[in-house]
Protein chains: 2
Amino acid sequence: MGHAGAQDRPGGPGGTEPPDAPPAEAAPADGGAPAAGRAGRRPATTAAELARQALLIFDERGFDATTVDDIAAAAGIGRRTFFRYFQSKNDVAWGDFDAHLERMRAALAATPPQTPVLAALHRAILDFNTYPPSEADWHRRRMALILGTPALQAHSTLRYRRWREVVAEFVAERTGRAVTDLVPQAVAWAFLGVAVAGYEQWLTQPGAELTEILDRSLRLLVDGFAHSL
Amino acid sequence: MGHAGAQDRPGGPGGTEPPDAPPAEAAPADGGAPAAGRAGRRPATTAAELARQALLIFDERGFDATTVDDIAAAAGIGRRTFFRYFQSKNDVAWGDFDAHLERMRAALAATPPQTPVLAALHRAILDFNTYPPSEADWHRRRMALILGTPALQAHSTLRYRRWREVVAEFVAERTGRAVTDLVPQAVAWAFLGVAVAGYEQWLTQPGAELTEILDRSLRLLVDGFAHSL
DNA sequence: GGAAACAGTGACACTGCGTGCCACTAGCTC
DNA sequence: GAGCTAGTGGCACGCAGTGTCACTGTTTCC
C-alpha cells in the first residue's frame with residue numbers, strides 16, 4: 001500500500017521535475033541518473049512524467065473516459081510507446097510501486113531479531129505509508145482514484161501480491177516457516193486487508209491523517225479483534 | 001468465498017421469486033428445451049449451464065486462450081447472447097455467487113445474540129464453504145481456476161465486495177457501529193484475507209479438506225495471530 | 001569525419017472484450 | 001388469426017493490448 005511517485009529519469013535528476021531540461025548535452029554525473037553515456041536514442045519521456053500526466057487527465061475526465069490515446073497525446077508520445085512504459089492502462093495509476101516496496105523489504109530485514117513479528121510489521125507498514133507533506137495531496141488523489149475505480153480496484157489485487165510476498169517472507173524467515181505455509185500467508189493477507197480498510201477509511205475523512213487511521217486499523221489486528229469487540 | 005453452482009432455471013421466475021415446477025425437462029444436462037410458463041420466447045440456455053460449459057473449456061484450453069466466441073459456440077448460442085447471461089467473461093467463472101451469499105447473510109442473522117461476534121463469523125464462514133461431496137471436485141476446479149488466473153484473481157476483488165458487506169453489516173449490527181466504521185470494515189477485510197489464504201493453501205494440497213484448512217486459517221484470526229507466533 | 005552499433009520511437013495491422021442498435025423469433029393470451 | 005412479450009443474434013463500433021518493422025537519434029569505434 002502506498003508509494004512515492006518518484007522514479008529515475010533518463011536525462012536529468014529524478015522527482016517531480018519537468019520532462020526534458022537538457023536537450024543538447026545531458027548534465028554530467030548528476031546524482032545517479034545515467035543519462036548520457038549510453039548508446040542509442042534517448043527516451044522521449046519517463047514513466048514518472050507519464051504517470052503524472054495521466055493522473056491529471058484521470059482527475060479531470062475520469063479513468064474510464066480516458067483512453068490510452070488521450071494519455072499518449074498529452075505526453076507527446078505515440079500510443080505504442082505508452083505500452084513500453086506501462087504494461088497496461090491500469091498500471092499507470094500505480095507508478096513505480098515496486099521500487100517503493102523494496103524499501104519496506106529492506107526496513108523489515110533491518111528490524112532487530114528480538115522485535116516481535118507483529119510489532120515489526122506494524123512499524124514497517126506505518127513507515128511505508130508515511131509521506132512528506134509535499135506528496136500527501138498527490139498521494140491522496142492517487143489512492144482515491146485507485147480505490148474509487150472498479151477497474152483499478154480489481155487490478156490492485158495483482159499489485160498487492162508483491163506486497164504480500166514481502167510480508168510473508170519476513171514472517172516466514174522470523175518464525176522458521178516456509179513462505180508458502182499457511183501462517184505467513186494468512187498474516188500477509190490479514191495485514192493487507194486491514195491496511196486497505198484503513199486506506200478506505202482515510203479517504204472518507206477529508207482532513208484525516210493517514211498514518212493515524214492506519215495505526216488504529218493495524219492495531220486491531222496486532223492486538224486481536226476480540227480486544228476491541 | 002465459495003458457492004454452489006445452482007442457478008435459476010429459464011422456465012421459472014428468476015432471483016428470489018417462488019420456484020417454478022419444471023414439468024417436462026429439468027435436467028441441466030445439454031439438449032432439452034427448458035420448461036415453459038410465461039409469455040415470450042424461452043431462453044436458449046441457462047446461466048448455470050453456460051457456466052458449466054465454459055468451465056469445461058477453461059479446464060481444457062486455459063482461461064486466456066478461450067474466447068467468448070468459443071463458449072457461445074459450445075453452448076450453441078450467439079456471442080451477443082452470452083453477454084446477456086453474464087456481464088463479462090470473468091463473471092462466468094463465478095456463476096451465481098450472490099445467491100449463495102444470501103444464505104450466509106441469513107445464517108448470520110439467525111445467530112443467537114449471545115454468540116461472540118468472531119465465533120459467529122467463524123462458524124458462518126465454515127458453513128458457507130461446506131459442500132456436499134458431489135460438488136467438491138467441481139468446486140475445487142472452479143477455485144483453482146479463479147485463484148490461478150491473474151485476470152480472475154483481479155476480478156474476484158469485485159465479487160468479494162458483497163461478501164465483505166455481509167460480514168461488515170453483521171459486525172456493525174452486533175456491535176452498535178455504523179457499517180462504514182473502521183472496525184466492521186477492518187474485520188470484514190481481515191476475514192476475507194485469511195479465508196483466501198486458506199483457499200490458496202487448500203489448492204496446494206491435493207487431498208486436503210477445505211473446511212479443515214479454513215478452520216485453521218480463521219482460528220489464527222479469531223484467536224489472534226500473537227497466539228500462534 | 002564517417003560507419004556501425006544500439007536504444008528507443010511510432011505507424012500499421014490484428015485479436016478480443018464489451019456495448020448499442022435493431023430486426024427477427026418463438027412463446028403466450030385474447 | 002392479431003397482438004403482446006421476452007429472448008435471440010447479427011452488425012458495427014470503440015478501445016485495450018500485442019507483434020512487426022522501418023525509422024530516428026545517440027554513442028562508439030575505426
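Fair warning: this is a prediction, and the values are worked out from it, not measured in the lab.
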Can you list the residues that meet the side chain to side chain contact (heavy atoms under 4.5 Å, CB included) rule with [X], with sequence neighbours excluded?
| X | value |
| --- | --- |
| Glu60(B) | none |
| Glu173(A) | none |
| Arg140(A) | Trp202(A), Leu203(A) |

Does anything in residues 58-72 of chain A come within less than 4.0 Å of DNA chain D? Heavy atoms only, and list the residues if so.
Thr66(A), Thr67(A), Val68(A)
Determine, stepwise, if the pair Trp189(B) / Tyr160(B) fulfils ring pair (Phe, Tyr, Trp, His ring centres under 6.0 Å).
CA-CA 10 Å; Trp189(B) 269 110; Tyr160(B) 294 153; 9.0 Å; no
Rounded to whole angstrom units, what separation is found between the [atom1] atom of [X] and the [atom2] atom of [N]?
| X | N | atom1 | atom2 | answer |
| --- | --- | --- | --- | --- |
| Asp91(B) | dG18(C) | CG | C1' | 12 Å |
| Phe86(A) | dT18(D) | CZ | C1' | 18 Å |
| Lys89(A) | dC15(D) | NZ | P | 9 Å |
| His155(B) | dC17(C) | NE2 | P | 14 Å |

Would Arg162(B) and Glu169(B) satisfy salt bridge (Lys or Arg N to Asp or Glu O under 4.0 Å), going step by step from the backbone distance to the final call?
CA-CA 10 Å; Arg162(B) 304 247 314 136; Glu169(B) 277 167 14; over 6 Å; no
When the side chains of residues 66-79 of chain B are checked against the rest of the protein, which donor-acceptor pairs come out under 3.5 Å, sequence neighbours left out?
from: Thr66(B); atom 1: OG1; to: Gly62(B); atom 2: O; distance (Å): 2.7
from: Thr67(B); atom 1: OG1; to: Asp69(B); atom 2: N; distance (Å): 3.4
from: Thr67(B); atom 1: OG1; to: Asp70(B); atom 2: N; distance (Å): 3.1
from: Thr67(B); atom 1: OG1; to: Asp70(B); atom 2: OD1; distance (Å): 3.4
from: Thr67(B); atom 1: OG1; to: Asp70(B); atom 2: OD2; distance (Å): 3.2
from: Asp70(B); atom 1: OD2; to: Arg61(B); atom 2: NH1; distance (Å): 3.1
from: Asp70(B); atom 1: OD2; to: Thr67(B); atom 2: N; distance (Å): 3.0

For Arg84(B), does the CZ atom sit with more than 12 other heavy atoms under 6.0 Å from it, leaving out its own atoms?
yes
Any chance you could list the contact pattern along nucleotides 1-14 of chain C? Use B for base contacts, S for sugar-phosphate-only contacts and - for none, protein heavy atoms under 4.0 Å, 5' to 3'.
-----BBBBBB---
Walk me through it: do Asp98(A) and Glu102(A) pass the test side chain to side chain contact (heavy atoms under 4.5 Å, CB included)?
CA-CA 6 Å; Asp98(A) 289 351; Glu102(A) 276 315 308; over 6 Å; no
